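Heads up: the structure comes next, in structure tokens.
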Amino acid sequence: MAMRLFLTWTLLLAAIPARADTPWGDRSVGVLVIGAGGGADWQKAVQQARKALGTGFAAEFLVGEIGPRDIQRCLDRLAAARALKIAVVPLELDPKSARLEQIRYMLGINEYPSEEVLKASRVGDRVIPRAKTKLPLVMTPAFGEDAAAADILLDRARALSREPGREAVVLLAEGTGNPEGDERLLKRLSELAPKLREGGGFRSVEPALLSPAPGLVHDRGFSPRLSPSDGKFRRPGDDAGQASVQGALDAIRKAGRFGRALVLPYLLFADGTERAMRKKLDGVFFEWKGKALLPDERAARWVAAQAAKAATAPDMVRFKDAGKALPSAGPKRFVP
């Protein structure tokens with residue numbers, strides 16, 4: 001009898017189709033969400049993203065200063081959760097920021113580290129090691145590239161508005177601290193301007209930048225440092241910061257000449273930057289709430305959608321070496 005039962009169970013088990021040994025069945029993607037910001041708004045955005053991801057994905061979240069050890073811990077936890085593939089989702093605005101370029105290097109997607117980050121961090125000729133994983137990996141586009149970011153921004157403008165046809169919007173962002181980054185940021189604001197103008201029915205929408213504090217390099221997620229003296233970054237004593245404030249004030253005065261001026265910060269999180277921006281603009285009248293794009297449920301749904309797409313996206317080819325110095329650097333000295 002016992003032998004007959006054993007054979008029966010053996011046949012039944014053999015009839016069950018084989019599947020991956022993961023708690024999520026066929027959706028075995030581990031998600032690493034990388035954000036720039038922090039504080040209570042980041043925590044709420046994390047809660048929203050976890051809810052949107054549900055039980056279908058293992059998830060890790062990183063914010064602030066991110067190094068290879070931080071990434072390695074997350075990759076190891078996702079591997080321990082039996083994920084079969086990793087999706088790195090940048091919940092950030094600038095897809096080509098020095099910060100994201102450095103993260104791509106640490107993940108093995110970029111061959112070399114970010115020169116801007118190395119200079120700002122004063123790493124010199126030391127080599128930043130890469131994070132390692134045997135799992136296939138995909139890094140998705142950044143949130144700032146998606147239509148959801150523009151939709152949220154439009155809602156922020158509508159919340160300030162009373163008579164759109166008589167109102168002009170100034171889309172205000174904090175500069176990156178280097179000419180290339182500022183040019184890229186202004187281009188993005190210029191792309192968003194007509195969408196906001198047409199979607200909200202505003203009289204006009206104009207972009208403006210405020211430079212970060214003179215002598216400091218602000219690339220969110222890396223500590224601000226005194227900038228080098230090679231002219232690429234702002235130097236102490238530069239008048240660029242004051243010039244950018246004057247330019248923003250002029251844009252607001254122009255916007256309010258024939259109606260109300262609405263100033264809309266282009267920020268991912270309200271982390272104190274919005275207060276500093278507002279303080280720099282004392283002396284002119286305009287409507288302001290200082291509300292950033294996140295937290296917002298649409299961003300959480302975007303994270304879940306990116307994770308789902310990553311499941312079938314081609315695996316990225318990555319560099320498997322321990323790390324590389326910049327081609328112009330001298331002998332390698334690995335960071336301890």
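One is the number of the first residue; the rest follow in order along the sequence. These figures come from a predicted structure and were not determined experimentally.
- Side chain of R158 to main chain of L153: no donor-acceptor pair is present (N/O by atom type, distance under 3.5 Å, no hydrogens or angles).
- Here the shortest heavy-atom pairing between P295 and K44 reads CG-CD, 3.6 Å.
- For the atom pair CG (D41) and CG (L294), the distance works out to 8.0 Å, reported to the nearest 0.5 Å.
- Side chain of K280 to main chain of S244: no donor-acceptor pair is present (N/O by atom type, distance under 3.5 Å, no hydrogens or angles).
- The backbone N or O of R166 lies less than 3.5 Å from a partner atom in the side chain of R203, making a donor-acceptor pair.
- Checking side-chain atoms of D70 against main-chain N and O of G67 turns up a donor-acceptor pair under 3.5 Å.
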Let me see the working for W288 and E274 under side chain to side chain contact (heavy atoms under 4.5 Å, CB included), right down to the final yes or no. CA-CA 10 Å; W288 166 276; E274 75 288 352; 4.2 Å; yes

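- Other residues, nucleotides and ligands contribute at most 12 non-hydrogen atoms within 6.0 Å of the CD atom of E183.
- Counting only distance, with no hydrogens or angles, the side chain of E116 and the backbone of A98 share no donor-acceptor pair below 3.5 Å.
- Atom NZ of K132 sits in a crowded spot, with more than 12 heavy atoms from other residues, nucleotides or ligands closer than 6.0 Å.
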Side chain to side chain donor-acceptor pair (under 3.5 Å) assessment of T273 paired with E174: CA-CA 8 Å; T273 304; E174 186 188 44; 4.6 Å; no

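- Under a 3.5 Å cut-off, the side chain of D146 and the backbone N or O of A149 do not form any donor-acceptor pair.
- Heavy atoms only, all atoms of each residue included: L281 and V284 are closest at O-CG2, 3.5 Å.
- Using a distance-only test at 3.5 Å, with no hydrogens or angles considered, a donor-acceptor pair links the side chain of Y105 to the main chain of K324.
- Side-chain contact between L91 and I34 is absent, with no heavy atoms from C-beta onward closer than 4.5 Å.
- Between the side chain of R184 and the backbone N or O of P179 there is no donor-acceptor pair closer than 3.5 Å.
- Tested against Q306 for a side-chain contact (heavy atoms from CB on, under 4.5 Å), the candidates V31, V138, T140 yield a single pass: T140.
- With hydrogens and angles disregarded, no donor-acceptor distance shorter than 3.5 Å links the side chain of E206 to the backbone of V169.
- Side-chain N or O atoms of D182 include none that pairs as donor or acceptor with a backbone N or O of G175 at under 3.5 Å.
- Under the 4.5 Å side-chain contact rule for hydrophobic residues, L186 and L268 share a cluster.
- Looking only at side-chain heavy atoms (C-beta outward), D94 and L185 stay at 4.5 Å or farther from each other.
- The shortest side-chain heavy-atom distance between E60 and L78 falls under the 4.5 Å cut-off.
- With sequence neighbours excluded, the residues forming a side chain to side chain contact (heavy atoms under 4.5 Å, CB included) with R156 are I152, L264, K291, D296, listed by chain and number.
- Between A150 and L196, the shortest heavy-atom contact is O-CD2, 4.2 Å.
- A heavy-atom distance below 4.5 Å is not found between the side chains of D155 and D151.
- In this structure, K85 and L135 have side chains that are not in contact, with every pair of non-hydrogen atoms separated by 4.5 Å or more.
- F319 and V117 are not part of a single hydrophobic cluster, where members link through side-chain heavy atoms under 4.5 Å apart.
- Within the 4.5 Å cutoff, no side-chain heavy atoms of L84 are placed close to those of V29.
- Between V170 and F286 the shortest side-chain heavy-atom distance does not fall below 4.5 Å.
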